[in-house]
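Here the structure is laid out as structure tokens; the discussion comes afterwards.
Residue numbers begin at 1 in each chain, while the letters A, B, ... track the order of the sequences. Heavy atoms only: backbone and side chains are in, while hydrogens, waters and symmetry mates are out. Every value quoted in this text rests on a predicted model; they were computed, and no experiment measured them.
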Amino acid sequence: MKKPVVRFAPSPTGPLHMGGVRTALYNYLFARQQGGTLILRIEDTDQNRFVPGAEEYIIDALNWCGITFDEGVHLGGERGPYRQSERSDIYRKYVELLIEKGEAYYAFDTEEELNAMRERLEKAGSHTRTYNFETRKQMNNSLTLSPEEVKARLDAGDPYVVRIKIPENVEVKFYDEVRKEVVVNSNEVDDKVLLKSDGLPTYHLANIVDDHLMDVTHVIRGEEWLPSAPLHVLLYRAFGWENTMPKWVHLPLLLKPDPGAIMKNKGLRREMTDKLTDEFMQKHSEEVSEDMRSKVHSFVQNVLSNPSGFTQQLKENEKDPGFLKLAKNFLHGAFYGKLSKRDGDRLGFPVFPADWIDPKTGAKSAGYREAGYMPHAFLNALALLGWNPGNDEEIMNMDRLIELFSLDRISHSGARFDQDKMKWFNQSYIRNSSDEALLPLVKAELQKAELATHDDSLLLQVIALLKERVSFLPEFAEMAGMFFGDPQTFDQNMVEKRWKPESKDYLQDLHARWDALPEWKSQPLHDAFEALVAEREINSGQVLAPLRLALTGIPNGPGVFDIAEVIGKEASLRRISTAVAKLG
RNA sequence: GCCCCGUUCGUCUAGCGGUUAGGACUCCAGAUUUUCAUUCUGGCAACAGGGGUUCGAUUCCCCUACGGGGUACCA
């Protein structure tokens, strides 16, 4: 079999989100497994939505993930250029080809005329409201105008678009690797614009021409494209390329998390109430006046505080005043459906692989990288949202994913994102990483927190003690403080509960016993402690808790004897003395 | 409105005509660690509804309901 060629083709309209990363990942896994080629193509045919820095961001983020390409905008290659804005001449040529073949036509309709047409159809109760085999007869295009007039208009430089001429009433059948056979009547497909009046192609045209020219064998993309797949099939047909048409693979969508799971977090709930109220007031500033704000706020608050009846509360009621209808709609949109770029900011979890700073507003959106995720944990979790290996394996590194991935195990329905599960993956990856592998990552975190990082052997010991109790990389820095400096404060609650009048005596005794020890290791330290407890006939907790308090100042962390070993004799004894002096 | 896709525990999913419907996350209980976390053991929890087809349907077909996507000179 021929080696497959696949591509990931984002548009630089902002940062890539998780769904995009997953699409890139599936393309990558497939290409690597099959020994095929993976191309990164940038689909920047919409000048209006271009966002500076987005392309660089996409490349950087994919790079962090470890998703590598064979050809692309950042690598070059034989099939380039890989940026669609640099391929205008190519598209023009192919559009002309279609016009010559009678498969496409010029259209001169203005926006107003198009709107009028849609309104007319809606009023008439028509099922479709599109430019199609029926309506094109009433519009200004090269099918209704005389050849002379068309020529005159073109020569005069009138703005025009080129539309595909969709054939009337044919069954468009195609095979999707995930959905199997899909059939759509061509009457449901409209005469989509292929070439815009700015001379640039639309997605549909550029996509088909590029995929054809770049020898793409499999189009692996999100399900949001499924409805336009018939158009794409018809385009291949119009060009006469149907025999080399790529295979279609439409991936199930990544959906917003279960609202109930988000609402568990009370702090987040309060924050979300404010945010959503603001967003709503802004969005509906025309319909809802500012003095309704408090009503909206309390409605939002009400809905969010009752996650179990969530869906019920958002059902519309005939008697609802206008603002309430809008609010219900708005909240529904905010909590259900496809995961969107805004969700990270309002639902309290990252949707982007890496932090993104909006070039216009300067606002920052959180990314998984900065949140302390290991890239492969992130990808592993993502891989399982819409695909599974068919056995009970869940933790799979990249090699294993490449080995097990298969198109026929992609699931059919959208997958709700679950932050808890994502966290669990990261935790597992940290736990299962060797101390050495973690070293550079932890070092980076410690540097950010301005903690000493020069002593690798110390760091390795610290990592060994902390990695079992950490879910995210930055937590290493948060917890490592005890290894780099004496406690400055003592947890008040623990002092009250566990520090007794006799604690001083016990710790002084322990201080003496430890001081006399020939070897400063966890086990002998523990033995000395046990001897003390036995001789004085007390409970170990009576000494252990004050000891932990003395060494770290906080109620939890790794085993006290391990901590003592790592921080060393001098620091340990000093901390005991200090605590005894301070707490009496 | 119209078109397309989908529907197994709260969530991600296994199942491809006969199963005590399996696993994972979350949650709960217990054990270990006299802290926290880890680990281990156990538990709660699902085939959307109605018709067919069949000796037998979670599994195949149809309808309904529900969910999702699309419906731009955006991708």
Inset, instruction - For A:Arg409, report the nucleic acid contact type (base, sugar-phosphate, nothing); a contact means any heavy atom under 4.0 Å. - result: sugar-phosphate
Inset, instruction - Assess the pair A:Tyr203 and A:Trp225: is the distance between their ring centroids shorter than 6.0 Å? - result: yes
Inset, instruction - Step through it carefully: locate the ring centre of A:Tyr26, locate the ring centre of A:Trp387, and say whether they are under 6.0 Å apart. - result: no
Inset, instruction - Tell me the partner of B:G1, counting only Watson-Crick (N1-N3 plus N6-O4 or O6-N4) or G-U wobble (N1-O2 and O6-N3) with both under 3.5 Å; none if nothing fits. - result: B:U71
Inset, instruction - May I have the distance from A:Asn556 (atom CG) to B:U38 (atom P), rounded to whole angstrom? - result: 12 Å
Inset, instruction - Write down the partner of B:C44 under the Watson-Crick or G-U wobble criteria, each distance required to be under 3.5 Å. - result: none
Inset, instruction - Salt-bridge test for A:Arg41 and A:Asp211: reply yes if a basic N is under 4.0 Å from a carboxylate O, no otherwise. - result: yes
Inset, instruction - Report the nucleotide, chosen from B:C2, B:A24, B:G10, that has the shortest atom-to-atom distance to any side-chain atom of A:Lys421. - result: B:A24
Inset, instruction - Determine the Euclidean distance between corresponding C1' atoms of B:U8 and B:U13; express it in Å to zero decimal places. - result: 9 Å
Inset, instruction - Rounded off to whole Å, could you give me the CE-to-P distance for the A:Met396 and B:A24 pair? - result: 14 Å
Legend entry - Proximal nucleotide (of B:C2, B:G23, B:C5) relative to the A:Glu188 side chain: B:C2
Inset, instruction - Whole angstrom is fine here: how far is it from CZ in A:Phe335 over to C1' in B:G10? - result: 16 Å
Inset, instruction - Choose from B:A24, B:U39, B:U11 the nucleotide whose nearest atom is closest to any side-chain atom of A:Arg431. - result: B:U39
Legend entry - A:Arg416, CZ: over 12 other non-hydrogen atoms inside 6.0 angstrom: yes
Legend entry - Value in whole Å for how far the P atom of B:U11 lies from CD of A:Glu394: 16 Å
Legend entry - Nucleotide opposite B:A65 in a Watson-Crick or G-U pair, distances under 3.5 Å: B:U7
Inset, instruction - Answer with base, sugar-phosphate or nothing: what part of the nucleic acid does A:Arg179 contact at a heavy-atom distance below 4.0 Å? - result: sugar-phosphate
Legend entry - A:Gly372 backbone acceptor or donor facing A:Asn426 side chain under 3.5 Å: yes
Inset, instruction - Any strand is fair game: report the nucleotide pairing with B:A37 by Watson-Crick or G-U wobble, both distances under 3.5 Å, or none. - result: none
Inset, instruction - Select base, sugar-phosphate, or nothing to describe what A:Gly125 touches, counting heavy atoms under 4.0 Å on all strands. - result: nothing
Inset, instruction - Please confirm whether A:Arg136 makes a cation-pi placement over A:Tyr131, using NZ or CZ under 6.0 Å from the six-membered ring centre and within 45° of the ring normal. - result: no
Inset, instruction - Could you check which nucleotide pairs with B:A21 in any of the strands shown, counting Watson-Crick or G-U wobble with both distances under 3.5 Å? - result: none
Inset, instruction - Give one of base, sugar-phosphate or nothing for A:Lys423, where a contact means two heavy atoms less than 4.0 Å apart. - result: nothing
Legend entry - Separation of atom CD1 in A:Ile430 from atom P in B:A37, rounded to whole Å: 16 Å
Inset, instruction - Whole angstrom is fine here: how far is it from NE2 in A:His412 over to P in B:C12? - result: 15 Å
Inset, instruction - Name the nucleic acid region contacted by A:Pro230, choosing base, sugar-phosphate or nothing; use a 4.0 angstrom heavy-atom cut-off, strictly under. - result: nothing
Legend entry - Spacing of the C1' atoms in B:G30 and B:C63 (rounded, Å): 50 Å
Legend entry - Carboxylate-amine/guanidinium proximity below 4.0 Å for A:Lys192 and A:Asp190: yes
Inset, instruction - Kindly say whether the aromatic ring centers of A:Trp248 and A:Tyr175 come within a distance under 6.0 Å. - result: no
Legend entry - Among B:U38, B:G22, B:U13, the one nearest A:Ala415 by side-chain distance: B:U13
Legend entry - Atom pair distance, as rounded to whole Å: NZ in A:Lys497 and P in B:C36: 11 Å
Legend entry - Under 4.0 Å protein heavy-atom contacts per nucleotide of nucleotides 65-75 of chain B, with B for base, S for backbone only and - for none: ---SBSS-BBB
Inset, instruction - Tell me what A:Val182 touches on the nucleic acid: a base, only sugar-phosphate, or nothing, going by heavy atoms under 4.0 Å. - result: sugar-phosphate
